[in-house]
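Report on the structure given below.
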Amino acid sequence: MGLVLGIESSCDETAAALVTSERTILAQRIASQDAEHAPYGGVVPEIAARAHAERLAPMIDAVLKDAGKTLADCDAIAATAGPGLIGGVMVGLVSAKALAMASDTPLIAVNHLEGHALSPRLSDPDLGFPYLLLLVSGGHCQILLVEGVGDYRRLATTIDDALGEAFDKSAKVLGLGYPGGPAVERLAKEGDAANVPLPRPLLGSKEPHFSFAGLKSAVLRAKDAGIHSDADIAASFQQAALDCVLDRLAFSADRIDPVPALVVAGGVAANAAIRSGLEEFAQARGMRFVAPPPSLCTDNAAMIAWAGCERLALDGFRPDPLDIAAKPRWPLDPDAEPARGAGVKA
Ligand code: KG4
Ligand code: ZN
């Protein structure tokens, strides 16, 4: 059995976890920085990096103590090495390097997106490769064909905003504060999704990609018009977003050989309405639907430790060198063609 210490610090969550190759999370801690960033309505990179630097070392100590383990018990130390806010990523990666060097333990530099992409295999031992993955977070919105550890084919991405970003910006327009996704979801439960006519950008497009900028602007116009309740706007936004997601998924699913499972990961995967829409989609296509529990959807270190376990189990595993650099950008599929469109993010 392998034991991996995972470290996550790429955005506004400082997190550490100890996970075994048998899928047991022995200990995990997570400190959100919501309170620090809330006054600014979004994540301030410098504040995030400083908060990670203050919290990470005591948190790693605490996680080891919680599990009754020491660094000497770990088979590897896995840390997010990108993509993300570079200051925060550096804090986590440098800490991991120092611990790896001091304890003579292998370092595994994990792509944060790979952490999300493999997280469903931590919660579901029966999920094998290949699977169709909808990866929806604050910075990314992609459809990927996951064929193995380190083997990702990007089928679609967003040409402007990520889905989580659209949730966050809509929340801001509706005065719901930061972070916005969970707040929009709560308010949407009180509203009628049929009441506010909102656009579904790129629905039926011959390109595989997503776009959410127009939907976000339409939310702003609907709010300014002052006709509809905030709850109706939230519900209508969430429905429009789901319609776009399902249409784009159908486009990609129709163009690949059938795969047995549809999987969702990333922060937006915590949204119950999105999850149930995806589940229906999967059922209608005879696919199994797999979604990690909401606590493993939003940023956490267990998924980073698990990605480390997956790497450790590969034939010919090699640790990463201690001089590996933190990467602000790091696509899962470096060979994917750039999406055409203004403001492409991935
Ligand atoms: O994966 P994640 O925690 O961090 C990134 O890697 O970006 O995703 C954060 C994003 C935020 O945009 C947040 O608003 C969104 O996920 N999110 C949600 C929900 N919970 C988190 N969006 C919609 N509904 C939710 N329940
Ligand atoms: Zn994330």
Side-chain angles (χ1 to χ4, degrees), residues 6-15 17 30-34 37-38 41-43 45 48 52 79-86 88-89 92 110-120 133-142 144 157-158 161-174 176-189 210 212 215-216 219 234-235 237-242 244-245 264-278 291-304 306-307 328-332 345-346:
I7 294 172
E8 161 60 32
S9 61
S10 65
C11 191
D12 58 344
E13 249 93 38
T14 314
I30 182 156
S32 138
Q33 302 172 5
D34 289 352
H37 300 293
V43 179
H52 289 306
T80 296
L85 300 174
I86 194 68
V89 174
V110 174
N111 182 321
H112 177 85
L113 300 173
E114 180 165 48
H116 281 302
L118 298 174
S119 63
L133 171 70
L134 175 70
L135 177 51
V136 276
S137 68
H140 294 85
C141 182
Q142 304 189 346
L144 296 145
T157 187
T158 178
D161 293 347
L163 184 52
E165 198 177 351
F167 267 92
D168 291 335
K169 288 177 176 169
S170 298
K172 208 167 181 177
V173 165
L174 297 174
L176 297 177
Y178 173 85
V184 170
E185 180 179 13
R186 274 194 300 278
L187 186 60
K189 288 199 183 102
F210 295 91
F212 292 107
L215 176 56
K216 166 193 73 188
V219 167
F237 160 78
Q238 191 169 266
Q239 185 60 49
L242 176 61
C244 294
V245 164
V264 65
V268 186
N271 183 295
I274 304 271
R275 285 164 91 102
S276 71
L278 292 171
S295 61
L296 281 182
C297 291
T298 46
D299 286 350
N300 65 86
M303 71 180 191
I304 303 304
W306 174 249
R329 290 193 171 222
W330 187 0
L332 273 183
K345 293 216 164 146

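Atoms within each ligand, like the ligands themselves, are counted from 1 in listed order. Keep in mind that the numbers below use all heavy atoms, side chains included, and drop hydrogens, waters and symmetry copies.
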Any idea which protein heavy atom is nearest atom 21 (C) of ligand 1, and the distance to it? Gly267 O, 3.3 Å
Correct closest heavy-atom pair for Gly139 and Ala162 would be C-CB, 3.5 Å
Per-atom filter on ligand 1: closer than 4.0 angstrom to a heavy atom of His112 are 6 (O)
Return the minimal non-hydrogen interatomic distance between Ala302 and Ala17, and the atom names on each side. N-CB, 3.5 Å
Leu278 side chain reached by Val245 side chain, heavy atoms, under 4.5 Å: yes
Can you tell me the protein heavy atom closest to atom 7 (O) of ligand 1 and the distance? Gly138 N, 2.8 Å
Just let me know how His140 lines up against ligand 1, side chain, backbone, both or neither, with a heavy-atom cut-off below 4.0 Å. neither
Provide, to 0.1 Å, the distance between atom 5 (C) of ligand 1 and the closest protein heavy atom, together with that atom's residue and name. Asp299 OD2, 3.5 Å
For Trp330, does its backbone N or O pair with a side-chain atom of Asn111 as donor and acceptor, under 3.5 Å? yes
Selected option - heavy-atom contact closest to atom 14 (O) of ligand 1, from Leu163, Asp168, Leu113: Asp168
Does an N or O anywhere in Gly164 fall below 3.5 Å from an N or O of ligand 1? yes
Polar proximity ligand 1 side, Thr298 side, N/O cut 3.5 Å exclusive: no
Atom 26 (N) of ligand 1 [closest protein heavy-atom partner, distance rounded to 0.1 Å]: Glu185 OE1, 2.8 Å
Flag Phe167 as yes when one of its N or O atoms lies below 3.5 Å from any N or O atom of ligand 1, and as no otherwise. no
Can an N, O or S atom be found in His140 less than 2.8 Å away from the Zn ion (ligand 2)? no
Name the orientation class of the two ring planes belonging to Phe210 and Phe212 (parallel below 30°, tilted from 30 to 60°, perpendicular beyond 60°). parallel
The Zn ion (ligand 2) - closest N/O/S atom in His112: NE2
Report whether any nitrogen, oxygen or sulfur of His116 sits less than 2.8 Å from the Zn ion (ligand 2) (N, O or S, backbone or side chain). yes
May I ask you to check if ligand 1 and Glu13 share an N or O to N or O distance below 3.5 Å? no
Sub-4.0 Å heavy-atom approach of Gln238 to ligand 1: no
When you measure from the side chain of Glu13 to the backbone N and O of Ile30, does any donor-acceptor pair fall under 3.5 Å? no
Checking His52 side chain against Ala15 main chain: does a donor-acceptor pair fall under 3.5 Å? no
So if I count the atoms of ligand 1 from 1 in the order they appear, which ones are less than 4.0 Å from some heavy atom of His116? 1 (O), 6 (O)
Closest to atom 22 (N) of ligand 1 (heavy atoms only, candidates Gly181, Pro294, Ser119) is Gly181
The Zn ion (ligand 2) is nearest to which N, O or S atom of Asp299? OD1
Nearest atoms (heavy-atom pairs only) where Thr80 meets Glu8: OG1-OE1, 2.6 Å
Under 4.0 angstrom from ligand 1, any heavy atom of Gly139? yes
Gly88 backbone acceptor or donor facing Ser9 side chain under 3.5 Å: yes
Is there a side-chain contact between Cys141 and Glu165, using heavy atoms and a 4.5 Å cut-off? no
Closest protein heavy atom to atom 24 (N) of ligand 1, given as residue, atom name and distance to 0.1 Å: Asn271 ND2, 3.0 Å
Can you give me the closest heavy-atom contact between Cys11 and Leu85, atom names plus distance? CA-CD1, 4.3 Å
Taking the side chain as everything from C-beta on, heavy atoms only, tell me whether Ile7 gets closer than 4.5 Å to Ile304. no
